[in-house]
Undergrad: 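Would you mind keeping the following structure in view while I ask a few things?
Everything numeric in this text was worked out from a predicted model, so none of it was measured. Labels below follow one simple rule: chain letters A, B, ... track the order of the sequence lines, proteins then strands, and each chain is numbered from 1.
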Number of protein chains: 2
Amino acid sequence: MKILDIGEVAAQSGVPPSTLRYYEEQGLIAPIGRKGLRRQYGPQTLLRLTLISMGKAAGFSLPEIVRMLGADGRPDLPRDELHARADDLGRQIRRLQLLQDTLRHVADCPAPSHLDCPSFQKLMRQAERTAARGGKHATR
Amino acid sequence: MKILDIGEVAAQSGVPPSTLRYYEEQGLIAPIGRKGLRRQYGPQTLLRLTLISMGKAAGFSLPEIVRMLGADGRPDLPRDELHARADDLGRQIRRLQLLQDTLRHVADCPAPSHLDCPSFQKLMRQAERTAARGGKHATR
DNA sequence: GCTTGACCTCAAGTTGGCTTGAATTCGCAG
DNA sequence: CTGCGAATTCAAGCCAACTTGAGGTCAAGC
């Protein structure tokens, strides 16, 4: 149960073969070797795919993810860059929580217009504060 | 300070005019009226733009956001759909937290290979559990 | 009353992230 | 061996979300 071919990786990860090949092209993953033409993957690939999917969910681009995970096995970014990314994520998480609260609020609040509702207004004030429509990560 | 033209909205929100017009086309926002040809926006538009940007950050598509926010002012989705979205967000938030922890871990952990590090492994086990390589939201 | 600059429309172009298809190549069960 | 199903490459296509450009309009300051 150590070596997987592309079909097995696809089955276990839910990521289609075409995408796996594409990810390889982009430097996100690499097979451990080939048997004839066929790619052979080690199990760490599944881990990497999990991380990649989390990174995408966080809104990072594939190139950004490459840099965070490293071409080899380990990150390409200096410690503090990684912490900076983590800090970004923290802000991002707070925004999502706010959106979550807002969704629950509009689901439940009976006020005719939310613009009148004090608790909605409070959410919006917080939202504005976190707005930080941030520049993307420095590419250099 | 009640009515804004497109340039002011752009300046205050950081969203370029071209995007504002595009959002209008997609039913995400609407001007309160026109002066001649020029769009005139009310201040609630800024609020809506904040919500839209949060929705995008959460990975919702523009059509999904339209349904969550409603074409008019209020949501188009039934209470329980909204709660379902909020639940999705909760899962999403947990994944981001996990990624955040992972980033901090790889930034700080001195282990030669993270595959050996027990705390890394713990993170990865959690990650697999939340993997929930989810189908997108039901469109119906 | 003219100029000017911010706005308008509409069509076409761009980018990222994949998918699809045609034409092969191969490993392995029978 | 033979055959077949799963993999391969490579180019082209697709979709969402915008951006750009050409050509036109208009309100406001001088």
Undergrad: Excluding sequence neighbours, so at least two apart, what forms salt bridge (charged side-chain N to carboxylate O under 4.0 Å, His left out) with B/Asp5?
TA: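 Testing B/Asp5 for salt bridge (charged side-chain N to carboxylate O under 4.0 Å, His left out), a comparison that skips the adjacent residues, returns none.
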Undergrad: How many whole angstroms separate atom CZ of B/Arg34 from atom P of D/dA27?
TA: 12 Å
Undergrad: My understanding is that only residues two or more places apart in sequence, or in another chain, count here; which of them pass side chain to side chain contact (heavy atoms under 4.5 Å, CB included) with B/Ala30?
TA: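 Partners of B/Ala30 by the side chain to side chain contact (heavy atoms under 4.5 Å, CB included) criterion come out as none, since no residue qualifies.
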Undergrad: Considering the terminal five base pairs at each end of the helix from C/dG1-D/dC30 to C/dG30-D/dC1, what angle separates the two local helix axes, rounded to 10°?
TA: 10°
Undergrad: Could you tell me whether A/Arg91 and A/Asp88 have a side-chain N and a carboxylate O separated by less than 4.0 Å?
TA: yes
Undergrad: When rounded to the nearest 0.5 angstrom, what distance separates OH in B/Tyr22 from CG in B/Leu28?
TA: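 Result: 8.5 Å between the selected atoms.
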Undergrad: Which parts of nucleotides 13-25 of chain D does protein reach within less than 4.0 Å, heavy atoms only, written one letter per nucleotide 5' to 3' as B for base, S for sugar-phosphate only and - for none?
TA: ----BBSB-----
Undergrad: Just how far, in rounded Å, is P of D/dA7 from OH of A/Tyr41?
TA: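 The answer, rounded to whole Å, is 10 Å.
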Undergrad: Parallel, tilted or perpendicular: which one describes the rings of B/Phe120 and B/His114, with boundaries at 30° and 60°?
TA: tilted
Undergrad: So A/Arg21, base contact, sugar-phosphate only, or nothing? Heavy-atom distance under 4.0 Å.
TA: base
Undergrad: Do you know which two heavy atoms are closest between A/Pro16 and A/Gly14, and how far apart they sit?
TA: CD-O, 3.6 Å
Undergrad: Which nucleotide of DNA chain C is the first, and which the last, in the 5' to 3' direction, to come under 4.0 Å of a heavy atom belonging to chain B?
TA: C/dG5 to C/dT9
Undergrad: Could you tell me the separation between the CZ atom of B/Arg104 and the SG atom of B/Cys109, rounded to the nearest 0.5 Å?
TA: 15.0 Å
Undergrad: Starting at atom CG of A/Leu4, determine the distance to atom P of D/dA7, rounded to an integer number of angstrom.
TA: 12 Å
Undergrad: In a table with atom names and distances, give each donor-acceptor pair under 3.5 Å that connects a side chain of residues 34-44 of chain B to protein atoms at least two apart or in another chain.
TA:
| from | atom 1 | to | atom 2 | distance (Å) |
| --- | --- | --- | --- | --- |
| B/Arg34 | NH1 | B/Leu37 | O | 2.6 |
| B/Arg39 | NE | B/Glu24 | OE1 | 2.7 |

Undergrad: Drop me the distance from A/Arg94's CZ to B/Leu96's CG, to the nearest 0.5 angstrom.
TA: 12.5 Å
Undergrad: Is it true that B/Glu81 and B/Arg85 make a salt bridge, defined as a side-chain N closer than 4.0 Å to a carboxylate O?
TA: yes
